[in-house]
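Below is one structure, written out as structure tokens; comments come after it.
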Amino acid sequence: MSWIGREALTDKPEISEEEVKGALDRASAQVVRNLDPFTEKFPKAYSVNGFYEATENVDWTTGFWTGEIWLAYEHTGDERLRRAGEIQMDSFLDRIKRRVEVETHDLGFLYSPSCVAGYKLTGSQTGREAALAAVEALIGRFHEKGRFIQAWGPLDAPDNYRLIIDSLLNLPLLYWATEETGDGRFSDIAEKHIHSTLSNVVRPDYSTWHTFFFDRETGAPDHGATCQGYRDGSAWARGQAWGIYGTAIGYRYTKRAAYIPLFAGVADYFLAHLPEDLVPFWDLSFGDGDDQPRDSSSASIAACGMLEMAKYLDGERSAYYRGIAKKLIKALADHYAVTDPALSNGLVLHSTYSNHSPYNTCDHYGVDECNIWGDYFYMEALTRLYKDWEMYW
Ligand code: GLY
């Protein structure tokens with residue numbers, strides 16, 4: 001296996017303004033084409049042979065599709081998109097009221113790009129009500145002793161007293177709620193969780209743990225483990241990308257100076273493990289020459305994190321991360337984006353949801369397919385490059 005190394009990034013091309021617009025136009029047109037099957041229903045988390053099937057609003061991933069609708073609405077102003085977004089917010093309100101599959105920390109993934117976005121863009125009271133109800137459910141998963149929000153499973157499950165790196169993206173929902181209501185409980189919990197996460201998931205070489213356990217009796221940090229990475233101690237590509245975006249979000253909301261070098265280290269580890277075409281394999285231990293699938297979604301997530309952090313850095317460092325993001329998105333737009341709707345109803349090919357290995361604990365599905373967050377974050381990155389974007393997060 002081999003990686004190109006960060007120095008070689010210098011020679012890679014950046015996406016131009018014109019290319020950004022073209023890619024965003026194509027993505028928005030694909031979203032509009034998908035409104036028919038996916039307004040009353042939602043695309044599944046991953047495609048099968050390039051095509052998403054329809055599902056009810058039951059998975060942790062459905063908010064990404066509504067987020068795509070809002071991004072396309074921002075880009076085009078097409079009222080059909082707004083109407084579809086409103087119908088979907090009704091579904092999210094119903095879901096949280098009936099507590100359908102909401103015993104998870106993924107409430108930020110679900111309610112930020114759907115309902116907070118809809119509220120910010122249209123003033124929807126349905127969106128506001130649904131998102132605030134999700135906030136109450138999310139803080140119910142906070143463990144005072146361990147000072148973290150439990151990721152998965154029932155709160156008394158003996159084997160699940162842990163957080164996962166992905167969780168950092170769920171916290172903007174809590175900051176939004178504090179801003180909206182003036183209730184400091186939400187941001188206080190978010191800040192504690194960010195600190196518990198970033199103090200424990202980043203290893204000395206700046207690779208990251210996917211999941212991290214605490215001692216249920218004392219609340220003390222215990223040990224890291226992977227679920228979706230290749231093995232314990234390797235760096236799951238998407239986990240590293242969640243870490244890049246997560247540290248940027250951590251800095252955005254807390255302004256803790258220590259998170260700047262942490263972001264730089266986590267981003268640098270990711271960049272040092274890119275293959276020739278800049279789209280990571282599903283685990284960063286793999287590189288060119290390995291017969292392994294890619295996770296294109298990790299490139300989009302990392303690009304969004306770099307574009308977010310670039311806002312807070314000084315001139316040269318800001319330009320560096322913005323430039324890298326443009327290179328990652330150029331690679332996706334040129335070689336991974338769907339250009340023919342007859343071949344796929346998604347936006348970006350070659351992503352990996354859950355790849356079983358001899359050493360990990362996950363099941364095998366959604367490998368080398370589109371997935372719905374890969375599509376969403378690709379559009380988010382393009383939108384960030386296209387204009388000064390007000391975050392849904
Ligand atoms: N947040 C779950 C995943 O990235 O697969």
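Order of appearance sets the numbers: ligands from 1, and atoms from 1 within every ligand. In this text, all values refer to a predicted model and were calculated from it rather than measured experimentally.
Taking the six-membered ring for Trp and the full ring otherwise, the centers of Phe377 and Trp242 sit less than 6.0 Å from each other. Annotation: Tyr376 is not in aromatic contact with Phe109 [ring centroid separation under 6.0 Å not met].
A salt bridge does not link Glu17 with Lys21: none of the charged nitrogens is closer than 4.0 Å to a carboxylate oxygen.
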Could you go through ligand 1 and list every pair where one of its N or O atoms sits under 3.5 Å from a protein N or O, giving the atom names and the distance to one decimal?
from     : atom 1 : to     : atom 2 : distance (Å)
ligand 1 : 1 (N)  : Asp166 : OD2    : 2.6
ligand 1 : 4 (O)  : Asp166 : OD2    : 3.4
ligand 1 : 4 (O)  : Arg238 : NE     : 2.7
ligand 1 : 4 (O)  : Arg238 : NH2    : 3.4
ligand 1 : 4 (O)  : Trp242 : NE1    : 3.0
ligand 1 : 5 (O)  : Gln228 : NE2    : 2.9
ligand 1 : 5 (O)  : Arg238 : NH2    : 2.6

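Taking the six-membered ring where tryptophan is involved, the planes of Phe212 and Phe214 are perpendicular, since the angle between them exceeds 60° and thus also 30°.
With Gln88 as the fixed residue, the side-chain hydrogen bond (donor to acceptor under 3.5 Å, both in side chains) test singles out one of Thr66, Thr62, Asn57: Thr66.
Residues forming a side chain to side chain contact (heavy atoms under 4.5 Å, CB included) with Thr61 (at least two apart in sequence, or on another chain): Ala45, Asp59, Phe64, Ile372, Trp373.
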